[in-house]
Participant: 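First, the structure itself, so that you have it in front of you.
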Amino acid sequence: MSDMKTRLNAAVFGEVMLRLSAPGREPLLRSARLETWFGGAEANVAAGLAALGHSARVITALPDNAIGDACLGELRRSGLDTTHVVRSNGRMGLYFHASGAMQRPAEIVYDRAHSAFSLMPHEGWNWDAALDGVDWLHLSGITPALGAAPARAALDAAQRAREQGAKVSFDFNFRPMLWQGREAEAGAILGELVAQATLLFSSAGDLARIMPLELTGRREADFDSSAKAAFARFAGLECIVTTFRQSRGTLEQTLEARLASRDGVIAAGPETLAGIVERIGGGDAFAAGLIDALASGTDHQTALTDALTIMAVKHSIPGDQCTVRHSDIAAWREGSDLKR
Ligand SMILES: O=C(O)C(=O)C[C@H](O)[C@H](O)COP(=O)(O)O
C-alpha cells in the first residue's frame, strides 16, 4: 500500500456533468423523480486523488448559473481545488442514467451539446496559471470527443504539462456515442494525446484505433502485443494499463487488471463483486488508485492490486465520485461487516 511519501499537485482537465438518474432500478423516466449527481471522468479521478490525500485541481468551465454554483459546491465538498474553474456562457452538460437490473443493462443518454465546457474557445484557457506547480495532469479521450476546441485545449494542456516535467496520464475512455459522425477523426486526435502520455489507460481495441494492429480476440495476448507496439511507437510511455470486466447481469462482476511496462506485463485480480451499488466511476477510481500508487513509488504489482481493490470498493459507493481512502483497502480485504 502506498505510504503517501509523495503528495501530488495533480490537475485534471475535462467536462463535469449533472447526472440525472432513474431512482432505484427503474427504467428511465417511468416515474416522477430523478436523482442528481455531479460527475465526469476527469473530475472523478481528481476526487479519488483528493480522497487518497493528494492536492487535486479541476480545470473546467461551468455555466454561470445556479446549476454551475451547485456543481462548484460539490467539487469543493470533494476536497478539490476549484481555483481554475471558469464560469462562462453555455449550459451544464447533462447525462441521463438508468442502472438496469438483472440482465437489463444500464443505460446512458448524453445531453451535453453546447455545454459551457465544449463552447470554450481553446485560447480561452490560461495554462500558465492553471498548470502552475502541477506535477501530474490527467486527461481522457472524452474531452477531444466533445469538439475541436476541447481537443486542441487538451493537447495544449498535455504539451504544457510535459514541458514543465509533469507526468501525464491519459484514459482512452472511448465513447462511441460522442464520436458519431466524426469517427474518422478520432484516431488521429487520440493518437496525438497518447503521444503526450506517460501513463495510458487503454485496451487493445483502443490502441487499434490509433495504430495498425492484428488482434486475435484473446484479451490478454492482444493487450500484451498491442502494448508492445505502443511502447515502440510512443517514446514517452512508461506504463499501459487495462481492466477487464466480466458481468453476470448488473449486480455481479469480476474485475481483473493488467499493466504493461517496458520491463514486462503483470496482472491483478480477480476481484469478485456481488450486490453492486454503483458501477459508474469504477474505471475512474481505478485510475486514481493507480496514479496514487505509482506516484508514491510503490512497486507495480502492489500498485495494480491496490488500484483494483479501490475500483472494487467504489462499486459499493453511490454517485460518480470516488471517496475511497487508503484505510478502506484493508477494511475491504478483511471483509468485516462493521467498522467501529
Ligand atoms: O461518459 C462520460 O462522459 C463521463 O465522464 C461519465 C462517467 O462519469 C465516467 O465516464 C465514468 O466512467 P467509468 O469510471 O468507466 O465508469
Side-chain angles (χ1 to χ4, degrees), residues 12-21 35-49 51 58-62 71 74-75 78 80 92-100 105-113 115-118 138-147 150-151 154 169-180 182 186 190 200-203 205-206 241-247 250 253 255-257 271 273 276-291 307-324:
V12 305
F13 173 62
E15 181 168 49
V16 189
M17 292 175 290
L18 173 63
R19 183 214 316 187
L20 298 168
S21 279
E35 291 172 359
T36 63
W37 301 94
F38 287 104
E42 302 83 359
N44 299 347
V45 173
L49 286 172
V58 178
I59 308 165
T60 193
L62 292 175
C71 181
E74 186 61 23
L75 296 175
S78 297
L80 300 175
M92 188 81 201
L94 307 180
Y95 77 101
F96 293 80
H97 164 255
S99 61
E107 195 181 349
I108 283 183
V109 179
Y110 292 118
D111 178 22
R112 60 198 294 185
S115 67
F117 180 80
S118 65
H138 181 76
L139 300 166
S140 96
I142 293 169
T143 302
L146 301 179
S169 46
F170 182 70
D171 189 335
F172 212 93
N173 264 344
F174 192 80
R175 303 279 190 258
M177 273 195 284
L178 297 179
W179 286 103
Q180 261 170 26
R182 293 172 53 238
L190 291 164
L200 175 65
F201 297 88
S202 69
S203 65
D206 293 334
V241 199
T242 197
T243 54
F244 301 119
R245 272 182 197 273
Q246 208 165 330
S247 304
T250 55
Q253 293 193 353
L255 307 176
E256 288 171 80
E271 278 277 358
L273 309 179
I276 291 171
V277 170
E278 175 77 81
R279 183 198 185 289
I280 290 187
D284 301 329
F286 174 79
L290 196 72
I291 294 168
L308 195 67
T309 303
I310 290 174
M311 179 179 188
V313 181
K314 172 63 190 74
H315 284 73
S316 71
I317 300 171
D320 301 47
Q321 297 183 28
C322 178
T323 54
V324 181

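Counting starts at 1 for both ligands and their atoms, in listed order.
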Participant: Could you tell me whether Asn44 approaches ligand 1 through its side chain, its backbone, both or neither, with non-hydrogen atoms closer than 4.0 Å?
Facilitator: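 The side chain, only.
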Participant: Closest non-hydrogen protein atom to atom 10 (O) of ligand 1, residue and atom name please, with distance?
Facilitator: Arg175 NH2, 2.4 Å
Participant: Is it the case that ligand 1 has an N or O less than 3.5 angstrom from some N or O of Ile142?
Facilitator: no
Participant: State the atoms of ligand 1, each with its element, that fall below the 4.0 Å cut-off from a heavy-atom position in Ile280.
Facilitator: 8 (O), 16 (O)
Participant: Parallel, tilted or perpendicular, judged at 30° and 60°: which one describes the rings of Phe174 and Trp179?
Facilitator: parallel
Participant: Would you mind running through ligand 1 and noting each atom that sits below 4.0 Å from a heavy atom of Gly282?
Facilitator: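 So the atoms of ligand 1 that pass are 14 (O), 16 (O).
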Participant: Tell me whether Gly281 has any N or O atom under 3.5 angstrom from an N or O of ligand 1.
Facilitator: yes
Participant: Report the distance from atom CE of Met17 to atom CG of Leu94, rounding to the nearest 0.5 Å.
Facilitator: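 Rounded to the nearest 0.5 Å, the CE-CG separation comes out at 9.0 Å.
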Participant: What distance do Phe286 atom CZ and Ile291 atom CD1 have between them, rounded to the nearest 0.5 Å?
Facilitator: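 These two atoms lie 10.0 Å from each other.
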Participant: Mark up the atoms of ligand 1 that fall under 4.0 Å of a heavy atom belonging to Ala41, in ascending order.
Facilitator: 4 (C), 5 (O), 10 (O)
Participant: Within a distance under 4.0 Å of any heavy atom of Asp320, pick out the atoms of ligand 1 and give their elements.
Facilitator: 8 (O)
Participant: Donor-acceptor check, side chain of Ser247 to backbone of Gln253, threshold 3.5 angstrom: yes or no?
Facilitator: no
Participant: Please tell me if the side chains of Leu75 and Gln321 come closer than 4.5 Å, counting only heavy atoms from C-beta onward.
Facilitator: yes
Participant: If you look at every heavy atom in Ser99 and Ala106, which pair is closest and at what distance?
Facilitator: O-CB, 3.5 Å
Participant: So if I count the atoms of ligand 1 from 1 in the order they appear, which ones are less than 4.0 Å from some heavy atom of Gly283?
Facilitator: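 Heavy-atom distances to Gly283 below 4.0 Å select 13 (P), 14 (O), 15 (O).
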Participant: Report yes if some N/O of Arg112 lies less than 3.5 Å from some N/O of ligand 1; otherwise report no.
Facilitator: yes
Participant: Heavy atom to atom 1 (O) of ligand 1, shortest distance: which of Tyr95, Phe286, Tyr110 holds it?
Facilitator: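 Answer by nearest heavy atom: Tyr110.
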Participant: Does Glu74 offer a backbone N or O that forms a donor-acceptor pair with the side chain of Ser78 under 3.5 Å?
Facilitator: yes
Participant: Below 4.0 angstrom from a heavy atom of Asp284, which ligand 1 atoms are there? Numbered from 1 as shown, please.
Facilitator: 9 (C), 11 (C), 12 (O), 14 (O)
Participant: Would you say Pro150 and Phe117 make side-chain contact, with heavy atoms under 4.5 Å?
Facilitator: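 Yes, close enough: below the 4.5 Å cut-off.
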Participant: Between Tyr95 and Tyr110, what is the ring plane arrangement, given parallel below 30°, perpendicular above 60°, and tilted in between?
Facilitator: tilted
Participant: So which heavy atom in the protein is nearest atom 6 (C) of ligand 1, and how far is it from that ligand atom?
Facilitator: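 Here the nearest protein heavy atom works out to Met17 CE, 3.9 Å.
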Participant: Only heavy atoms of Gly40, strictly under 4.0 Å: list the atoms of ligand 1 that pass.
Facilitator: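 Under 4.0 Å from Gly40, ligand 1 has these atoms: 5 (O).
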Participant: What do you reckon, does Gly39 have a nitrogen or oxygen under 3.5 Å from a nitrogen or oxygen of ligand 1?
Facilitator: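 In fact, backbone or side chain, Gly39 has no N or O that close.
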